[in-house]
Structures are given as structure tokens and as C-alpha cells.
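Just so we're on the same page: letters track the sequence lines, and every chain starts at 1. Note that the coordinates shown come from a computational prediction; the quantities given were computed from them, not determined experimentally.
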Amino acid sequence: MDTETGGEKERPRDDEIQAFHNQIRAADAEKLEFVGDKEPLSVLEDEYKAGSAVFLAKLQILKENYGSIRRARGDGNCFFRSFMFSYLEHLIVTQDEAEIARVEKSIEICKQTLIDLGHAEFTFEDFLGIFVEQLQSVIQGKETSISLDTLVERCRDQYVSNYVVMFFRFVTSGEIRRRAEFFEPFIQGMSNMSVVQFCRSSVEPMGEESDHVHITALSDALGVPVRVVYLDQSGDINDKPVTVNNHDFIPEGMDTSVDPYVILLYRPGHYDILYRRENPANVEPTILEQKN
Amino acid sequence: MLDVSRVQKELVEIERDKKLSGVSVEISEGDLTRMRGTINGPGGTPYEGGIFIVDIQLPSAYPFEPPKMQFVTKVWHPNVSSQNGAICLDILKDQWSPALTLKTALLSLQALLSTPEPDDPQDAVVAQQYLRDYATFVGTARYWTETFAKRGSLGIQEKLAKLVEMGFSEDAAKVALESCGGDENAALEKLCSG
């Protein structure tokens, strides 16, 4: 048999490709933690000083309502890592025990959804367990209670962070497949994949970026309202006033006037965590546009 | 660090379901990172009736990194190297997810045997044959299955042992057996004439 296989040398082996991926990620890790420190929004002004006028104009508007930002690492998991930190921080600040009890019920439903969809329980139970452990440690005054600083540390820990991201990916995939009819048109609008293909290739693998389909699914499945504020190039600087678009993802059955628990800043291809100003009363009235 | 408890749960599930699934896994003694998977060749394909052995290595970050899989049994297939068994399959690279398991990965390999993807080849020669001369491809793939993946060829170790007993070196005996498609007598003839 002829064993001449000319094509092989041109194609790197799987483990070589994987090693290369890991190398890129490791290089990224040196630049930024999974979640960074809280920084004033003005750091973005410095970033865009020489950049687009639209960005700068929008930043000014943003500053009326928002005061700080916390960056997430741009490794394709930034939405999930931002969501994780922002939601747990919301709980540590509000000490809302009723909300924790509520989300734990939602998690039980998610678990059943995954089992119904044919996932073996052992494939996700450890990921689920780590998230529940974090939920149970944010209420103060218990032996297992953690401070905000410890929460930051945990969200920077590869084990904890990746496990929770993977749990969210499971939940997101489960919700999309459970409501396939609802999500199908959105998925087909972006790709020509089926719902199942989309979940396999764009939701379940680590490092696959998120968009409104992922956010809708996770927000609905866990019952957590999310706001995304878009800082992008849309709009013309000569049109007054320039507006900043934001979108509130409100889970079904929740009052649409609810204040989102998680606020994210979206810049094309990336999500970071956004914080409201501590005292927004003494600035100009908001001209944020609600786009639902 | 390798998630040992997860791997153990996977092994239990594979064992429980191996009759139905057509895939199984054996661990190397005392080493959870090294395994041998077996895949039954899918019916209605040139691989039907063959039993294909896959070498599996688990990286320490498993399940966050994909298992390394490589065919030990020689396979004639556009997405498998005919020389070293290296596999081209997205889920073993960037499309891997911790939601997948060793079992689902082996089932994906089984599906790959049924549905080659010649446009994304591992072995360009095989892929070209598949696209340009499908009948010859099927013939070769079937011949390789008969030769390397059938029960008879599972006795290859015994044939090898026999030749070694006759005084030939193991390497030479292996080469001879492989070049003669596992035919013990032809291999002996070759060794004697060589």
C-alpha cells in the first residue's frame, strides 16, 4: 500500500493546535485577571483620547449615570465572567436572601432541563455545585461567609471561575434548546446553524463569545434581569443629541421597571462590568434611550 | 489537576452502556490519564465489522481541555492519517466542551467513520481518492478494515509473537506483518528473503 501522504506535514496535529491555543490564552492571562479592579469610568476617556469622537461623546453621556467599570478578561468568556461577578456582588451588597432562595429554585429547574435534554448529571453537577457554593457564601454572618475581597479573589481563581462559566454555558444551552422555537429565528439570523448545532459550537465550548441570544437565555433561565449598555460607533456626531443605546433583558414574569441586578458595558466584541454613579442626582437629566 | 472523580464517573457510564453504544474504554493499569478506546465500525460503511482501537490521553486540565485521541488501528479515511492515526475532528480541538465526555467523543469518531469530511482532511491523499475515485476509496478502506481491524487481525500480537519466537526481531516482524497486510505466511517469506 502506498503510504505517501503529502498533506500531513502541512497540517499541524491536534495537540499542536491545542498547545498554540493555550499559549495565546496564557499570554492573555498575564495582561488581565478574569475580572479586574474597579476603576473610574474616566479610564476609558484616556483609552479613547485619540479615538472616535462618537465614542467620546457617548462616554460623556455614560458618565451621567455610571461611575465605574470593572474589566473582564477578553478570552471569549467575558460575558459569563462579568455576569458571575456582577450578580454575586449584587447579592453581597443587597444581602437579598429571598433572591438567593429564588435563584436556587431556578437552578433546580435548569438541572431538570439538562437531564431532560439527555445530559448525564455527572457532566454538570460539579459546575452547578461550585456556583451554589458561591451563592451560599455571600450572605454575611455565617461560618462560610465571604467578604467582597474574597469574592474578587474567587472570581479570579481559575478553578472557581471556569466551573461557574461552564455551569452558565450549560444553563444557556439548556434554555436555548428547551425553547428552540423561540430562539431559532434569532440563531438563523446570525448563522445558518440549527439550534442544536449552535449550542454545540457557539455556547457549550469554553471561549466562544456571547451575544444577545446567550444573554437572553441565561437571564431568562436564572430569572436575573440584565442591562447591557452599548458603547459603539453607531450614530453620527453631527446628529444632536448622540444617544447611548441600552437594552434591558427582563426575564418573563418580572416587572419591566425592575432595576437590573447585572449591568454590563458592551464594546464591540467585549463585555465589562458597569457601575451606577453613587450620587447621580446632581448631574444633568439622563438622555439614555430605552430600546427594548 | 485532573478531575479524577469526573473521569471515574465517565468510565462507569461507558462500561454500563458499552453493549448498546458500540464504544468502550479500558484504562492502562493504575494510570487514569492513559486509556484505550474501542469503536465498532459502523454498519453500511467500509468499516463495518472492524474493531478500531484508539489511544486516549487525558491532559491534566481535562475536562476543560480535550482528550488527545489517535487511532492505533490503521484506518483508511480522509480525516485520519494513514501513517500515524492522527485525527482531524473539531471537537478534539477548539470545539471541545466540558459538556462532552470520552463516550460522546468516541461516538463522534464513530460518526466520523460513517460521514467523512473530505473538505477538511487530515490525510490529503485519502481525501483526494475519496473525492476523485470513490469506488477505489471504498475498496481500499474495506481492505484496510479486513486487514487491520478484523477479529483475525486482532491475533496480530500472536502472529508477531510466533515470528519473534522463530528468531526475528520484533520490529522487523512487525514491519513484515504490516507490509503483508497481516498475512503471517507472506510475512515469514518476506523475512526469510530479506
Kindly check if the number of other-residue, nucleotide or ligand heavy atoms within 6.0 Å of [atom1] ([X]) is above 12?
| X | atom1 | value |
| --- | --- | --- |
| N192(A) | CG | no |
| E26(B) | CD | no |
| R36(B) | CZ | no |

What is the distance from atom [atom1] of [X] to atom [atom2] of [Y], rounded to the nearest 0.5 Å?
| X | Y | atom1 | atom2 | result |
| --- | --- | --- | --- | --- |
| D94(B) | S201(A) | CG | OG | 10.0 Å |
| F122(A) | R6(B) | CZ | CZ | 6.0 Å |
| R200(A) | I91(B) | CZ | CD1 | 9.5 Å |
| E208(A) | Q95(B) | CD | CD | 5.5 Å |

Does some side-chain heavy atom of [Y] sit less than 4.5 Å from a side-chain heavy atom of [X]?
| X | Y | value |
| --- | --- | --- |
| K9(B) | E121(A) | no |
| P98(B) | F170(A) | no |
| M166(A) | S97(B) | yes |

*With a 4.5 angstrom heavy-atom cut-off, could you sort out which part of S5(B) is near chain A: side chain, backbone, both or neither?*
side chain
*With only heavy atoms counted, which part of E13(B) is less than 4.5 Å from chain A, the side chain, the backbone, both or neither?*
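Interface part for E13(B): side chain.
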*Do the side-chain N and O atoms of D3(B) and Y159(A) include a donor-acceptor pair separated by under 3.5 angstrom?*
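No, Y159(A) and D3(B) have no side-chain donor paired with an acceptor closer than 3.5 Å.
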*Check each atom of D126(A) against the heavy atoms of chain B and say whether the ones under 4.5 Å are side chain, backbone, both or neither.*
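Contact with chain B involves the side chain of D126(A) alone.
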*Check whether Q158(A) gets within reach of chain B through its side chain, its backbone, both or neither, counting any heavy atom under 4.5 Å.*
neither
